[in-house]
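Got a structure for you, written out below as structure tokens; questions coming shortly.
Note that these values count all heavy atoms, side chains included, but never hydrogens, waters or copies made by symmetry. Remember, predicted model here, so these are calculated numbers, not experimental data. Position 1 is the first residue of the sequence, and the numbers go up from there.
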Amino acid sequence: MSATPAATSLVPEVDQLLQRLGVPRAAYSGGSLQVRSPITGEAIGAVPEASPAHATAAIGRAHAAFQVWRDVPAPRRGELVRLLGEELRAAKADLGLLVTIEAGKIPSEGLGEVQEMIDICDFAVGLSRQLYGLTIATERPGHRMMETWHPLGVCGVISAFNFPVAVWSWNAALALVCGDSVVWKPSEKTPLTALATHAIAQRAVARFNAAGGGAPEGLLELLIGQRDIGEELVDDARVPVLSATGSTAMGRAVGPRLAARFARGILELGGNNAAIVAPTADLDLALRGIAFAAMGTAGQRCTTLRRLFVHESIYDQLVPQLAKVYANVQVGDPRAAGTLVGPLIDRQAFDGMQKALEHSRALGATVHGGGRVEGIGGADAHYVRPALVELKAHEGPALHETFAPILYVVRYSTLDEAIAMNNAVGAGLSSSIFTLNVREAEQFMSAAGSDCGIANVNIGPSGAEIGGAFGGEKETGGGREAGSDSWKAYMRRATNTINYSTALPLAQGVTFDV
């Protein structure tokens, strides 16, 4: 089934949205960067691009802002983030719709992304009073030892198209309460949502300063541009921490350059995520969990379910049901009622999907779906039926991430075999198991189980909450955002020893009398 969109142009609606969100027309018209909506394929904006010189100046303003902001008490910094959350609440409907139009997400996912921004603001406000250090036992009498945490500097953020605004908020909310300034380079595929978010943030800053808050100019900078702008953030010594979301190939380019100047990298890279369906699984629950994880956001999440290992005893029961779901899920304009799968972001994504399916067929796989859905949007809009690929072995394209709605299905006989296949890829982001057997669940989550940063039981690998640290191992980069103690990535630690005695004992019994 497919949903047919309205034939009207999106341009007037986008203009009205951006005006309501406070973005000046000069920021999205007359520029060199053409912005297209994946819903219709039409151009909906022309954004002026920053030059490397602009980037250098923006980083300079952010560095100067940091030197002021670091002296503002952390609870006061939290007040700015609280106001940002308020402004996001007020703009949620409009910003969520803009995410739908620019990234192609269904409305609940667009609104959900903005809600995630609100949630991380709430989290960060509480955190602003909990930037705790430790008191450390010392071997020297009359001394006290402790650790303190200090703001680090400019935080660079490079985000991807699939979560065009949430990733910025994960970093910015924490960086701001930690005392850092932020410079953001969004995906060139989704700059309009970034412009809108920046306008929302500036309203929060204005309210904060009107109440005597003291947020300096340059605290939040936005740079729209191509790869060369991202490289400025990667290479500038005034940016001590950089969060970069994208492909593993991007991470391979970014990581060594950050390491060369000893900068911190929060790398959120590829995710070739798997789920195991064990013999005791609640199959109805598994079916629903698999469907969202594999088809949500048209397979364009870093946590999308891409590999499914089904026990041989239930394979013939589950997989035909799953194929039926795939055949009947509604593909179409994400704004249409009932649509669950919207468009791919562009032609490049479509071509990559078709190439992976051709490779699968060459291996003798049975492919359900995967073809282009015609009659929706224009020639530059790319709608596809999600593909369910039954592979004879865990091989070929299943070993590599394709950023599209392809789910590879493979039989397994023992849990050890399934866990080995789960771990047999470069990426290590997310994973899950569907089982009612506590031993299987615990083995999957143990040190000998999944090697991913996220390991779930009886839910899919997709759909993380901000309360838990998000990120993965191996070729996923090792970075963590939100949750737990991830705030420490945005601060520097100092160990302090205070002598309040009249003696001067040295550690480890060393003597040095003069």
Applied to residues 470-480, the side chain to side chain donor-acceptor pair (under 3.5 Å) test, sequence neighbours excluded, yields R252-E475, D451-K474, E473-R480
ask   = Quick one: does L407's side chain get under 4.5 Å of L322's, heavy atoms only?
value = yes
Less than 4.5 Å apart, any side-chain heavy atom of I276 and any of F444? yes
Please report, to 0.1 Å, the donor-acceptor pairs under 3.5 Å made by any side chain of residues 457-471, with sequence neighbours excluded.
from, atom 1, to, atom 2, distance (Å)
N458, OD1, T435, N, 3.0
N458, ND2, T435, O, 3.0
S462, OG, T303, OG1, 3.1

Find out whether C452 and S430 are in side-chain contact, i.e. whether some heavy atom of one side chain is under 4.5 Å from a heavy atom of the other. no
Check the side chains of N171 and S243 for a donor-acceptor pair under 3.5 angstrom, ignoring hydrogens and angles. yes
For this session: Could you tell me whether R20 atom CZ has more than 12 heavy atoms of other residues or ligands within 6.0 Å of it?
Result: yes
Those residues at least two apart in sequence (or on a different chain) that pass side-chain hydrogen bond (donor to acceptor under 3.5 Å, both in side chains) with D351 are R347
Trace of the side chain to side chain contact (heavy atoms under 4.5 Å, CB included) decision for R385 with V329
CA-CA 8 Å; R385 290 220 63 81; V329 69; 3.4 Å; yes
Examine H394 together with F309 and report whether their ring centres are nearer than 6.0 Å.
yes
Next on the checklist: Any donor-acceptor pair under 3.5 Å linking the side-chain atoms of S169 with those of E116?
Outcome noted: no
#### Entry: Residues D228 and K185 bridged, charged N to O under 4.0 Å
no
Is any side-chain heavy atom of L18 closer than 4.5 Å to a side-chain heavy atom of V14? yes
- request: Answer yes or no: is there a side-chain heavy-atom contact under 4.5 Å between V157 and C155?
  value: yes
>> Does either side chain, that of D333 or that of Y383, offer a donor lying less than 3.5 Å from an acceptor on the other one?
In response: no
Here the salt bridge (charged side-chain N to carboxylate O under 4.0 Å, His left out) pairs for residues 311-331, sequence neighbours left out, are D316-R411
Check your understanding: If you measure only the distance, is there a donor-acceptor pair under 3.5 Å linking the side chains of E390 and Y315?
Key -> yes
Going by an N to O cut-off under 4.0 Å, is there a salt bridge joining R36 and D346? no
The salt bridge (charged side-chain N to carboxylate O under 4.0 Å, His left out) partners of E86 (sequence neighbours excluded) come to R82, R207
Checklist line | Heavy-atom check, side chain of Y490 versus side chain of V182, under 4.5 Å | finding: no
Distance alone, cut at 3.5 Å: any donor-acceptor contact between the side chains of W184 and S159?
yes
For residues 101-115, please give each side-chain donor-acceptor pair under 3.5 Å, one per line with the distance, not counting sequence neighbours.
from, atom 1, to, atom 2, distance (Å)
E102, OE1, L192, N, 3.4
E102, OE1, T193, N, 2.8
E102, OE1, T193, OG1, 2.8
E102, OE2, L192, N, 2.8
K105, NZ, E113, OE1, 2.6
K105, NZ, N162, O, 2.8
E109, OE1, T297, OG1, 2.4
E109, OE1, R301, NH2, 3.0
E109, OE2, T297, N, 3.1
E113, OE2, V165, N, 2.9
E113, OE2, A166, N, 2.9
Q115, OE1, K92, NZ, 2.8
Q115, NE2, D119, OD1, 2.9

Check: Are the side chain of N273 and the backbone of T304 linked by a donor-acceptor contact shorter than 3.5 Å?
Finding: yes
